Structure formats: structure tokens, C-alpha cells
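Model, not experiment: these values are computed from the prediction.
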Amino acid sequence: THLRLTLKDAEGHRLATAQVSLKPRQHLERNVAGLFPGIANGESWSIETEVRGGGAVLTYLTRIDASGDISYSLGHTR
């Protein structure tokens, strides 16, 4: 499966894009800096995932705050 990931700011402006290829049933976990090198830290970002070829994907975001608390947000379709 071939994906295009787009990092957007709170207003929806595109900050960066990345191409990712996955094997069937492959799990991919990366931090934002690993997917988009050279991007500084920011808040209220979103990542849009576009399937460019292959099968369906399940997406989620994991956030770890300064106190170490972990929260998960499932991806959704538009």
C-alpha cells in the first residue's frame, strides 16, 4: 500500500509531505520528526493520509504529554 502523508497546521496549511509504502498488514509507528525531517516542534497539527494505491489502512495518533500521559485518537475519513 502506498501512502502520501501531509502535515498540516491548525489552519489547514500544508507544512510538508512524505511518501510511505507498507507491506500487507504492516504496522508503522513514527514520530512526526521522523516522518517530516527538518520540521520544528509545533502544536495543533494534523496529518492527512491519502491512500495512493493498494489496500485500506487504519490510522491513529498517539500523543504523550509532558507529564507522560498517553492519549490516542483514531483517524477518520472525510
Q. What closest approach, in Å, do Ala16 and Ile39 show between heavy atoms, and which atom pair accounts for it?
A. CB-CD1, 4.0 Å
Q. Does the side chain of His2 come within less than 4.5 Å of Gln19's, by heavy atoms?
A. no
Q) Can you tell me if Thr17 uses its side chain to pair, donor with acceptor, with the backbone of Leu5 under 3.5 Å? A) no
Q) Taking side chain as C-beta onward, heavy atoms only, is Trp45 less than 4.5 Å from Leu7? A) yes
**Q.** Rounded distance [0.5 Å steps], CD in Glu11 versus OG in Ser44
**A.** 8.5 Å
(Q) Within this structure, what is the OG-CG distance for the pair Ser71 and Leu61, rounded to the nearest 0.5 Å? (A) 7.0 Å
Q. Can you find a pair of side-chain heavy atoms, one from Ile47 and one from Val32, that are under 4.5 Å apart?
A. yes
Q: Give, for atom CZ of Arg30 and atom CZ of Phe36, the distance between the pair rounded to the nearest 0.5 Å.
A: 12.5 Å
Q) Distance from Leu28 atom CG to Lys23 atom NZ, nearest 0.5 Å? A) 12.5 Å
Q) To the nearest 0.5 Å, how far apart are OG1 in Thr59 and CG in Leu3? A) 9.5 Å
Q: Specify the closest pair of heavy atoms between Gln26 and Ser21, including all atoms of both residues, with the distance to one decimal.
A: OE1-O, 4.2 Å
Q: Go through the steps to decide whether Ile64 and Asp69 satisfy the test side chain to side chain contact (heavy atoms under 4.5 Å, CB included), and finish with yes or no.
A: CA-CA 6 Å; Ile64 305 171; Asp69 292 332; over 6 Å; no
Q. Among the clusters formed by ILVMFWY side chains lying less than 4.5 Å apart, do Tyr60 and Ile70 turn up in the same one?
A. yes
Q | Evaluation steps, side chain to side chain contact (heavy atoms under 4.5 Å, CB included), between Lys8 and His13 | A | CA-CA 5 Å; Lys8 296 183 175 185; His13 301 114; over 6 Å; no
Q: Working to the nearest 0.5 Å, report the span between NE2 of His27 and CG of Leu58.
A: 9.0 Å
Q: Enumerate the residue pairs fulfilling salt bridge (charged side-chain N to carboxylate O under 4.0 Å, His left out) with a member in residues 50-65, sequence neighbours excluded, ordered by first and then second residue.
A: Arg4-Glu50, Glu50-Arg52
